[in-house]
Amino acid sequence: MSRCRDTGSSRVWSWVLLLGLAVVLVSATALAQEEPTPKVDVFVGYQWLNPGGTVPVSNVLPFLGPQPPVATKLPDMPSGWGSTLTYNFDSHWGLSLDVGGNYQRDANESTISVGPRFMWRIEGLNLFAHTLLGLNRLAPRAVNASNGLGAILGGGIDVKVWRPLSIRLIEADYAWGNHNFTDAVSAISDARRPKLNGARLRGGLVLNFGYPSEVTPTASCSVQPSEVMVGEPVTATATGSNFNPKHTLTYTWSGNGGKVTSKEGTATMDTNGVAGASYTLTAHITDPKMKKGGVASCSANFTVKELPKHPPTMSCSADPTSVQSGASSNISCTCNSPDNASVTVSGWTASAGSVSGSGNAATLSTTGAPAGPITVSATCTDSRGLTASASTQITVEVPPPPKVNQLEVRLALHSVYFPTAQPTVQKPTGGLLASQQQTLIVLAGDFLKYLETKPDAHLILEGHADARGSVAYNQALSERRVERTKGFLVERGVPAANIETKALGNQHNLTADEVKVQVETNPELTPEERQRILKNTKTIIWASNRRVDITLNTTGQESVRHLPFNAADSLSLIGGREVPKKAAPGTKKAAPAPKKGAKKKQ
């Protein structure tokens, strides 16, 4: 049982070594590089062997002579040597002849095998795997030796010291052998035909012979174009040959004229400012990993010609050529060099207004410029410093009559009035009677025309309520009135951003004297109508304060208060109460509205 267990452990240990070596070899494939390959390499070194089998062993005792063979599990054989001669067909494949031997008190074992080897050649390191078949000779003590079929499967790692010499850091192999001892043993069944399943480890020196002769690296340069005008760039390309393709090369460029910029195998020379002549760009290619012979140089010649001395030509145009004061015009200039030199346009100037631009385009702003022609000029300069100038004219038109002033005069602003307690919380969009809507419709149309020339103009709406309600109630009511007025104007197209609102509650109410003056100065009333209205002064005062005043912010023009008794639906505007269902303490009762018949006479 112990022999079986030992044999199994040996096999497991052997396979673990081989598996680890396989992982190393496979992981190294990504690093494989083209390295010089010797024609022949020879390994000589130490060999350790675990035979991994049970064989018959016989003792010779004094006075008793040879004893019957006993099945013995072969132990490790630390004493041994090994050598391999390999002929390399290319950088990877070779044919190996392998010999080796190990010695131990109970038995000796030697092998001679031949087979293919595959090697990964990495810079500074070689990794290999081989499969060898051949003869396995096993000689147990006091038993005739047996020659049987043998096989070696494994690989190893060689560390390069210098080209002719490497160190075999480790070689790990699975060693198999098949033997027959039936002529010497008949009673021991498991030792008559033993099969060896063992492991072999090696280390030593590798001598390399027959390296191919070294090829000297070379470089070639080309330039495009080979003839340029002053100011035009030249591009050169360098290509190296016979360098190790796995190595990263460094490139150094130099030139005898102009500024040279480079990136690896390409360089560009700026010929601005150089004189007409022949020039050379030189490249030095270096393999920093080569200890010697890793440098190659090349040069390329080109010719720079002086540019002809013809100044550029230039013309400018404006779009539009005639504008109102404050408007802008786009200016564009075209510049060409008869000698095909590069040109730039700059130096924009204007005789009035202000001009801004870059390159061959600019914009003239006529803000603040007087009526009349404006001259815009620019200068064109080529790469040799030759210049040309051109200009164009834009006419600022005489401004038309001030339509804005006329519109401001015509823009009729009128206060609008609401019935008592309108609009309500339940119906915030109500309370705007037909007569007041018509006033706002006319106002909206005029204001929209006004915005065409005064886009920043605003209407200021101030909402009021009569004095009968509480402060809080009147404040909320005036807010609803001013929002209803704003909403109606927005519905008619007036931008909400051009309307400001203020809710004043019962602040700034008209006094009795102010209302009396407006009644007495109203040219539309007869003396009898004035007398009848003044008899109901309190009711008229309340109605006059249920309003929204309108102001134009650009002029300060305030709305004219056409009092509610002028409206066709005046009975609805004047009658009713302003007080909510639950009046605030101390609120006076509202006076009755004028008689219906009397109002109709108004």
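What you see is a predicted model, and the numbers here were worked out from it, not measured in a lab. Just the heavy atoms: all of them, side chains too, but no hydrogens, waters or symmetry mates, feed the values below.
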**Student:** When rounded to the nearest 0.5 angstrom, what is the spacing between OG in S478 and CZ in R546?
**Tutor:** 14.0 Å
**Student:** Between Q422 and G430, is there a donor-acceptor pair closer than 3.5 Å when you use the side chain of the first and the backbone of the second?
**Tutor:** no
**Student:** Does P455 offer a backbone N or O that forms a donor-acceptor pair with the side chain of N498 under 3.5 Å?
**Tutor:** yes
**Student:** Give me the atom names and distance for the closest heavy-atom approach of T379 to S389.
**Tutor:** OG1-OG, 3.4 Å
**Student:** Is the shortest heavy-atom distance from the side chain of Q438 to the side chain of V442 under 4.5 Å?
**Tutor:** yes
**Student:** What pair of heavy atoms forms the shortest contact from I374 to A352, and how long is it?
**Tutor:** CG2-O, 3.4 Å
**Student:** Mind listing the closest non-hydrogen atom pair of N474 and G469 along with its distance?
**Tutor:** ND2-O, 3.1 Å
**Student:** Which pair of non-hydrogen atoms, one from W253 and one from G265, has the smallest distance, and what is that distance?
**Tutor:** CZ2-O, 3.5 Å
**Student:** For A476, check side-chain contact (heavy atoms from CB on, under 4.5 Å) against everything at least two apart and list the hits.
**Tutor:** R480
**Student:** How many angstroms lie between CZ in F488 and CG in L432, if you round to the nearest 0.5 Å?
**Tutor:** 6.0 Å
**Student:** Applying side-chain contact (heavy atoms from CB on, under 4.5 Å), name anything that partners T334, two or more places apart in sequence or on another chain.
**Tutor:** S315, N336
**Student:** Heavy atoms, side chains only, cut-off 4.5 Å: are F447 and L440 in contact?
**Tutor:** no
**Student:** Which is it for N272 and V230 under the side chain to side chain contact (heavy atoms under 4.5 Å, CB included) test, yes or no, and what are the steps along the way?
**Tutor:** CA-CA 6 Å; N272 278 306; V230 172; 5.6 Å; no
**Student:** Would you say the side-chain atoms of T453 pair up with the backbone N or O of Y450, donor to acceptor, closer than 3.5 Å?
**Tutor:** yes
**Student:** Enter the distance from L459:CG to T551:OG1 here, rounded to the nearest 0.5 Å.
**Tutor:** 9.0 Å
**Student:** Mind checking the OG1-NZ spacing from T248 to K289? Nearest 0.5 Å is all I need.
**Tutor:** 6.5 Å
**Student:** Does a side-chain N-to-carboxylate-O contact under 4.0 Å join D270 and K259?
**Tutor:** no
**Student:** Applying salt bridge (charged side-chain N to carboxylate O under 4.0 Å, His left out), can you list everything that pairs with D287, at least two apart in sequence or on another chain?
**Tutor:** none
**Student:** Got a list of side-chain donor-acceptor pairs under 3.5 Å for residues 499-511, not counting sequence neighbours?
**Tutor:**
residue, atom, partner, partner atom, Å
Q507, NE2, L504, O, 3.4
N509, ND2, A465, O, 3.4
T511, OG1, E514, N, 3.2

**Student:** With a 4.5 Å limit on heavy-atom distance, are the side chains of V548 and F418 in contact?
**Tutor:** yes
**Student:** Can you tell whether the side chains of R547 and D549 come within less than 4.0 Å, N to carboxylate O?
**Tutor:** yes
**Student:** Going by side-chain hydrogen bond (donor to acceptor under 3.5 Å, both in side chains), name the residues that satisfy it together with T381, two or more places apart in sequence or in a different chain.
**Tutor:** none
**Student:** Could you go step by step and tell me if V304 and V274 meet the side chain to side chain contact (heavy atoms under 4.5 Å, CB included) rule?
**Tutor:** CA-CA 8 Å; V304 178; V274 304; 3.8 Å; yes
**Student:** If we ignore hydrogens and angles and just use 3.5 Å, is the side chain of N545 paired with the main-chain N or O of I541 as donor and acceptor?
**Tutor:** yes
**Student:** At their closest point, which heavy atom of W348 faces which heavy atom of V345, and how far apart are they?
**Tutor:** CZ2-CG1, 4.1 Å
**Student:** Roughly how far, to the nearest 0.5 Å, is SG of C335 from CG of D382?
**Tutor:** 8.0 Å
**Student:** Within the side chain of T366, is there an N or O that forms a donor-acceptor pair under 3.5 Å with the backbone of G326?
**Tutor:** yes
**Student:** Ignoring hydrogens and geometry beyond distance, is a side-chain donor-acceptor pair present between T282 and S254 at under 3.5 Å?
**Tutor:** no
**Student:** So which atom in I574 and which in A543 form the shortest heavy-atom distance, rounded to 0.1 Å?
**Tutor:** CA-CB, 3.9 Å
**Student:** Does any part of the side chain of I550, heavy atoms only, come nearer than 4.5 Å to the side chain of L443, both counted from C-beta?
**Tutor:** yes
**Student:** Looking at residues at least two apart in the chain, or sitting in another chain, which of them share a side-chain hydrogen bond (donor to acceptor under 3.5 Å, both in side chains) with N256?
**Tutor:** none
**Student:** Between N553 (side chain) and A457 (backbone), is there a donor-acceptor pair under 3.5 Å?
**Tutor:** no
**Student:** State which residues pass side-chain hydrogen bond (donor to acceptor under 3.5 Å, both in side chains) with E483; sequence neighbours excluded, sorted by chain then number.
**Tutor:** none
**Student:** Short question: side chain of T266, backbone of S262 - any donor-acceptor pair under 3.5 Å?
**Tutor:** no
**Student:** Could you tell me which residues satisfy side-chain contact (heavy atoms from CB on, under 4.5 Å) with S377, sequence neighbours excluded, listed by chain and number?
**Tutor:** T349, T375, S391
**Student:** Could you list all the side chain to side chain donor-acceptor pair (under 3.5 Å) pairs where at least one residue sits in residues 219-241, not counting sequence neighbours?
**Tutor:** E227-K305
**Student:** Measure the spacing between CG of L552 and NE2 of H458 and express it to the nearest 0.5 Å.
**Tutor:** 11.0 Å
**Student:** Could you tell me which residues satisfy side-chain hydrogen bond (donor to acceptor under 3.5 Å, both in side chains) with T367, sequence neighbours excluded, listed by chain and number?
**Tutor:** S365
**Student:** Side chain to side chain contact (heavy atoms under 4.5 Å, CB included), that's the test. Do T286 and T252 meet it? Break it down for me.
**Tutor:** CA-CA 8 Å; T286 304; T252 304; 5.7 Å; no
**Student:** Would C298 and C221 count as a disulfide pair, i.e. SG atoms separated by less than 2.5 Å?
**Tutor:** yes
**Student:** Hey, does the side chain of R492 reach the backbone of A444 with a donor-acceptor pair shorter than 3.5 angstrom?
**Tutor:** no
**Student:** Look at the side chain of W120 and the backbone N and O of L125, then say whether any donor-acceptor pair between them is shorter than 3.5 Å.
**Tutor:** no
**Student:** Donor-acceptor pair, distance only, cut-off 3.5 Å: does the side chain of S329 make one with the backbone of P320?
**Tutor:** yes
**Student:** Set out, in order, the CA-CA distance, both residues' side-chain angles and the distance that settles side chain to side chain contact (heavy atoms under 4.5 Å, CB included) for L281 and M269, then state yes or no.
**Tutor:** CA-CA 8 Å; L281 276 171; M269 190 174 100; 4.3 Å; yes
**Student:** State, with a plain yes or no, whether a side-chain heavy atom of I331 is found less than 4.5 Å away from one of I394.
**Tutor:** yes
**Student:** Suppose the criterion is salt bridge (charged side-chain N to carboxylate O under 4.0 Å, His left out): which pairs have a residue in residues 412-439, not counting sequence neighbours?
**Tutor:** none
**Student:** Under the criterion side chain to side chain donor-acceptor pair (under 3.5 Å), I'd like the reasoning laid out for H284 against S297: C-alpha separation, chi angles, the key distance, then a yes or no.
**Tutor:** CA-CA 4 Å; H284 299 277; S297 301; 2.7 Å; yes
**Student:** Can you name the side-chain contact (heavy atoms from CB on, under 4.5 Å) partners of A275, sequence neighbours left out?
**Tutor:** Y279, E306
